[in-house]
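Heads up: the structure comes next, in structure tokens.
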Amino acid sequence: MATTLAKPPEAAMDWTIPQGWAGYSQSEHRIWDQLYARQIGMLKDRASAAFLRGLESLSLSRAGIPNFEELSERLHRLTGWRVVAVPGLVPDEVFFDHLANRRFVAGRFIRKPEQLDYLEEPDVFHDVFGHVPLLSDPVFADYMQAYGKGGLRALNFHSLEKLARLYWYTVEFGLIREKGGLRLYGAGILSSFSESVFALESPSPNRIGFDLERVMRTLYRIDDYQQSYFVIDSFDDLLRRTRDADFAPVYARLNDLPDIAPDAVSAADRVIHRGTQARAYTGSRS
Ligand code: HBI
Ligand code: FE
């Protein structure tokens, strides 16, 4: 899919473009502020401590769309990562190469007022508010880089589908065990007002202890909230299970095993909450 993406002429060889921060309008900055204010109150006791610390230490605040250069200066001092602007989705190999070199690619456009709750392509609020705070955590920062290196390797094994599921169920939709309860660390959840509540509080979805091979086999939904969330014990544990992991034997084993449906629970799962799946099965939107 990604190989069919065409690089716009204004983008550099690595697909980066200038953010053009001075070009944002007041109303675009106000959309950031609105989204920020809405998330922050709700995330105070729902987001992982590392995410909230990251917001603080990067001075991500309700003060308009961040300037990537200033943000990168602060982030680089903490963990050696930078944030670079791209026109939209970039090819997989480009994406992985940036991650492997501690560059996080972010969209520079912001959603329109009528899309506050849902949009298909990641905008600057999802990419920066959702993803960047955790890049200030040294362990998570290493995990993202390891993921990029793993991605470059997976391309050779034609196992991108499996690896993409790992990204989806950790970086985008992951939950973490913290302070005796569950907290959010996935950017797809953290940047969504309604899924932040749903992921932690709704009886509908499954919440299952993280297992690398289980996650790599699990299909996911892109059209609605997730039907299963996977819970890590700590970022250390996640990094340990995946770090510079040579996934070749894992991929070989998984090739002989069937995929798992998004809502399935099996006997081998460490089930934390078995979902009613009411949202999916009855169409009830709660
Ligand atoms: N491009 N801009 C952008 N953002 C992504 O998250 C992204 C991408 N290209 C490919 C890609 N993600 C996938 O390879 C990963 O989700 C696995
Ligand atoms: Fe994302």
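Not measured: the values here are computed from a predicted model. Order of appearance sets the numbers: ligands from 1, and atoms from 1 within every ligand.
With a heavy-atom cut-off of 4.0 Å, Phe104 does not touch ligand 1 at all.
The closest donor-acceptor contact from the side chain of Gln19 to the backbone of Val84 lies at 3.5 Å or more, if one exists at all.
In this structure, the separation between CD on Glu213 and CG on Asp211 is 6.5 Å, given to the nearest 0.5 Å.
Rounding to 10 degrees gives 90° for the angle at the Fe ion (ligand 2) between NE2 of His126 and OE1 of Glu172.
Judged by distance alone, the side chains of Thr218 and Arg214 do bring a donor and an acceptor atom under 3.5 Å apart. Gln145 and Trp81 are not linked by any side-chain donor-acceptor pair at a separation below 3.5 angstrom, with hydrogens and angles left out of the test. With 3.5 Å as the limit, one finds no donor-acceptor pair spanning the side chains of Tyr169 and Ser228.
Residue contact check for ligand 1: Gly88 places a non-hydrogen atom closer than 4.0 Å to it.
Listed by number with element, the atoms of ligand 1 under 4.0 angstrom from any heavy atom of Asp92 are 10 (C), 11 (C), 13 (C), 14 (O). Near Tyr147, the atoms of ligand 1 lying under 4.0 angstrom from a non-hydrogen atom of the residue are 17 (C).
Residue contacts to the Fe ion (ligand 2): Asp127 brings no N, O or S atom closer than 2.8 Å.
Nearest N/O/S atom of His131 relative to the Fe ion (ligand 2): this is NE2.
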